[in-house]
*Asks:* 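Take a look at the following structure, please.
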Protein chains: 2
Amino acid sequence: MKNLDERTITQAVIERNSTSSNERLVDIMHSLVKHLHSFAREVHLTEEEWEMGIKFLTEVGQICSPTRQEFILLSDTLGLSTLVIAQNHKKPLGCTEATVFGPFHVQNAPQLELGSNISEGVNGTPWFVSGNIQGIDGEPIPNAVIEVWQADDDGYYDVQKENLNAYQGRAVLKADAQGHYYFQTIVPEAYPIPHDGPVGKMLEALNRHPWRPAHLHFMITAPNYERLVTHVFKEDGEYLDSDAVFGVRSSLIAKWDHHEEGLDPNGNFQYSPFYTLNFDFVLNKQKVN
Amino acid sequence: MKNLDERTITQAVIERNSTSSNERLVDIMHSLVKHLHSFAREVHLTEEEWEMGIKFLTEVGQICSPTRQEFILLSDTLGLSTLVIAQNHKKPLGCTEATVFGPFHVQNAPQLELGSNISEGVNGTPWFVSGNIQGIDGEPIPNAVIEVWQADDDGYYDVQKENLNAYQGRAVLKADAQGHYYFQTIVPEAYPIPHDGPVGKMLEALNRHPWRPAHLHFMITAPNYERLVTHVFKEDGEYLDSDAVFGVRSSLIAKWDHHEEGLDPNGNFQYSPFYTLNFDFVLNKQKVN
């Protein structure tokens, strides 16, 4: 392997990588090296551009922290996340579609009772969310675990707030024996993804805005069903047609009903306007391997 | 841009990226997104593998520091560096070939006089290096700036040594009016690239060793000539056929002559064996844009 040049290097790297006993890794690296090199050849990448790429990726890695995942943002904004999710969740018609996971999920969110107010003290317009978790044949899925997380009405998640050491706008709930779920929170607003880092600079250079339409995150798990990671978007919300992370599906857009002051779904009197959302989730049967 | 799926997402991202006034960036991102997505489709990347990829890239970024550039190591070990250098330095036959820059160059290395001992106190077998800097027609290139850097005889660069706040084995020299250069140092040994990080783990998973054959780095610049970044490798050295970063060119392998104790090229008596290397560099004319 001497005298490699721009024509012979790709095959040389693929051969060097081919002796591992991990066949899946060999296949992945084969395709990765082939496409990485094809990219560099196709655009005739210069050394200065290569240096900019090294610098960019280094900055992406260095800004990552326990509460910020810039590589997920990069994957999201380049559409890779949507591609990977779509090709791994082909489902029968009628199942709720999956969408991007996003960078703001955290482990160990508080486990709250059905009906709880998960906003945990954040100000905002009250919102009463409810629905059913069911299978493709309409069967209720009892006791499904429902994790929800959301931005506040300034567009920030709890983990983005410095000096906040509490969970806000996130919880793990459990559907009841009939697969019914309900909780109270506040209405989240559209927000820009964190754009003070390298991904934000990339979007700016590409003449792209960093905004996501208003949405509520759900991750729903139940034995014998495929895990569902998805959002529910607000009908008529801004940015539905230009979500910075390519996460919108028409089937995930729902009416967030506005109500004037009056009785809320819990029978309590609300002295200011509030919203309700009713959304049912249809889970796919677990693939049997 | 709703209802994107694994078939439509790629074109949607390319279109979203296409409105920037930076045409070169648009072209680069078009090719990058196309190949990134083709890779994910071709191997049917799973969500678990995507997560492993995010984690790997994050680790690569986080281990970077002012003295460690893991993304360059990644580029080097995947052959991307060799490809980019090769396609940007096609030269007339007779010019010295370029090879990888590597991660151990530093800015502001000490400027030393011709003939200096650049090892700066590191122990090792004395080595007297000399040669000429010339153009393709044999014309001497006077006063060329010659930056050299190297590992010691344990295979470490100065920047890898904790608690060392001095330069060792690196210098900026200036060829004389006839293009002649000469300096003293110690013989560098083969060494493994830093493999205690994510790139090392990758090499291990791929059943690859991290070793580079013994070499001396040169970066040579002179007005009106193309900058040359290259190595000189040791003839008969280990790993010439399996350099972890694909940097070897036959034309860059030279005899490092062994001498028993006796007079060195400076006319001083060496009481132990020493080496000499004579290597001429042929620079390409600067491209006129």
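Every heavy atom of this structure was used, including side-chain atoms; hydrogens, water molecules and symmetry mates were not. Here the structure is a predicted model, which means the values were calculated and not measured. Chain letters run A, B, ... following the sequence lines, proteins first, then strands; residues in each count from 1.
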*Asks:* Heavy-atom pairs under 4.5 Å with chain A: which of B:E49, B:K34, B:E70 has the most?
*Replies:*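 The answer is B:E49.
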*Asks:* Tell me, side chain or backbone of B:Q69 under 4.5 Å from chain A's heavy atoms, or both, or neither?
*Replies:* side chain
*Asks:* Check the pair B:L83 / A:R41 against side-chain contact (heavy atoms from CB on, under 4.5 Å), numbers first and verdict last.
*Replies:* CA-CA 8 Å; B:L83 170 58; A:R41 270 192 202 92; 4.0 Å; yes
*Asks:* What residue in A:T8, A:V43, A:T10 has the most heavy-atom pairs under 4.5 Å with chain B?
*Replies:*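 Looking at each option in turn, the highest pair count goes to A:V43.
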*Asks:* If you compare all heavy atoms of B:S20 against all heavy atoms of A:A205, which two are closest, and at what distance to 0.1 Å?
*Replies:* OG-O, 2.8 Å
*Asks:* Between A:S75 and chain B, which part of the residue has a heavy atom less than 4.5 Å away: side chain, backbone, both or neither?
*Replies:* side chain
*Asks:* For chain B, find which of A:D27, A:T58, A:I85, A:V60 contributes the most heavy-atom pairs closer than 4.5 angstrom.
*Replies:*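 The option with the most such pairs is A:T58.
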*Asks:* Return the minimal non-hydrogen interatomic distance between B:F39 and A:S31, and the atom names on each side.
*Replies:*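 Nearest pair, atom of B:F39 first, then A:S31: CD1-OG, 3.5 Å.
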*Asks:* Pick whichever of B:S21, B:A86, B:S251 has the most heavy-atom pairs under 4.5 Å with chain A.
*Replies:* B:A86
*Asks:* Could you walk me through whether A:H89 and B:E47 pass the side-chain contact (heavy atoms from CB on, under 4.5 Å) check?
*Replies:* CA-CA 10 Å; A:H89 293 282; B:E47 288 168 293; 2.7 Å; yes
*Asks:* Contact part of B:R24 toward chain A, heavy-atom cut-off under 4.5 Å: side chain, backbone, both or neither?
*Replies:* side chain
*Asks:* Quick one: do A:H35 and B:E42 satisfy side-chain contact (heavy atoms from CB on, under 4.5 Å)? Show the steps, please.
*Replies:* CA-CA 10 Å; A:H35 283 292; B:E42 194 169 280; 3.2 Å; yes
*Asks:* Which bit of A:L80 comes within less than 4.5 Å of chain B, counting heavy atoms only: side chain, backbone, both or neither?
*Replies:*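 Contact with chain B: backbone and side chain both.
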*Asks:* Mark yes when over 12 heavy atoms from residues, nucleotides or ligands other than A:E204 sit less than 6.0 Å from its CD; otherwise mark no.
*Replies:* no
*Asks:* Which one wins on heavy-atom pair count under 4.5 Å against chain B: A:I54, A:I253, A:L203, A:T82?
*Replies:*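 Most pairs with chain B among the choices: A:I54.
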*Asks:* Locate the shortest heavy-atom distance separating A:D241 from B:R16; write the atom from each residue and the value.
*Replies:* O-NH2, 4.4 Å
*Asks:* Any idea which of A:E6, A:Q87, A:R249 has the most non-hydrogen atom pairs under 4.5 angstrom with chain B?
*Replies:*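 Highest number of heavy-atom pairs under 4.5 Å: A:Q87.
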*Asks:* Which heavy atom of A:V13 sits nearest a heavy atom of B:G79, and at what distance?
*Replies:* CG2-CA, 3.7 Å
*Asks:* If I measure from the heavy atoms of chain A, does B:I9 come under 4.5 Å with its side chain, its backbone, both, or neither?
*Replies:* side chain
*Asks:* With a 4.5 angstrom heavy-atom cut-off, which part of A:H30 approaches chain B: side chain, backbone, both or neither?
*Replies:* neither
*Asks:* Taking all atoms of both residues into account, what is the closest heavy-atom pair of A:F71 and B:L57, and its distance?
*Replies:*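 Shortest heavy-atom separation between A:F71 and B:L57 comes out as CE1-O, 3.3 Å.
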*Asks:* By a 4.5 Å heavy-atom criterion (distance strictly below it), what part of A:K55 contacts chain B: side chain, backbone, both, or neither?
*Replies:*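 Contact with chain B involves no heavy atom of A:K55 at all.
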*Asks:* Quick one: which of A:V33, A:I14, A:L32 has the most heavy-atom pairs under 4.5 Å with chain B, could you say?
*Replies:*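 Looking at each option in turn, the highest pair count goes to A:L32.
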*Asks:* Are A:N88 and B:T46 close enough that a side-chain donor and a side-chain acceptor fall under 3.5 Å?
*Replies:*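 Absent: no donor and acceptor within the cut-off.
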*Asks:* Should A:W50 and B:I72 be marked as a side-chain contact (heavy atoms from CB on, under 4.5 Å) after you check the CA-CA gap, both sets of side-chain angles, and the distance that decides it?
*Replies:* CA-CA 10 Å; A:W50 173 86; B:I72 292 185; 3.9 Å; yes
*Asks:* Who wins among A:M202, A:E97, A:K90, A:R7 for the most heavy-atom pairs under 4.5 Å with chain B?
*Replies:* A:K90
*Asks:* Do you know which of B:L45, B:L25, B:D5 has the most heavy-atom pairs with chain A at a distance under 4.5 angstrom?
*Replies:*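 Among the listed options, the one with the most contacts to chain A is B:L45.
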*Asks:* Working to the nearest 0.5 Å, report the span between OG1 of B:T19 and CG of A:L206.
*Replies:* 8.0 Å
*Asks:* In terms of heavy-atom proximity below 4.5 Å to chain A, should B:A98 be classed as side chain, backbone, both, or neither?
*Replies:* neither
*Asks:* For chain A, which of B:I28, B:V26, B:L252 has the most heavy-atom pairs under 4.5 Å?
*Replies:* B:I28
*Asks:* Heavy-atom cut-off 4.5 Å, strictly under: side chain, backbone, both or neither for B:E59 against chain A?
*Replies:*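 Contact with chain A: none, neither part.
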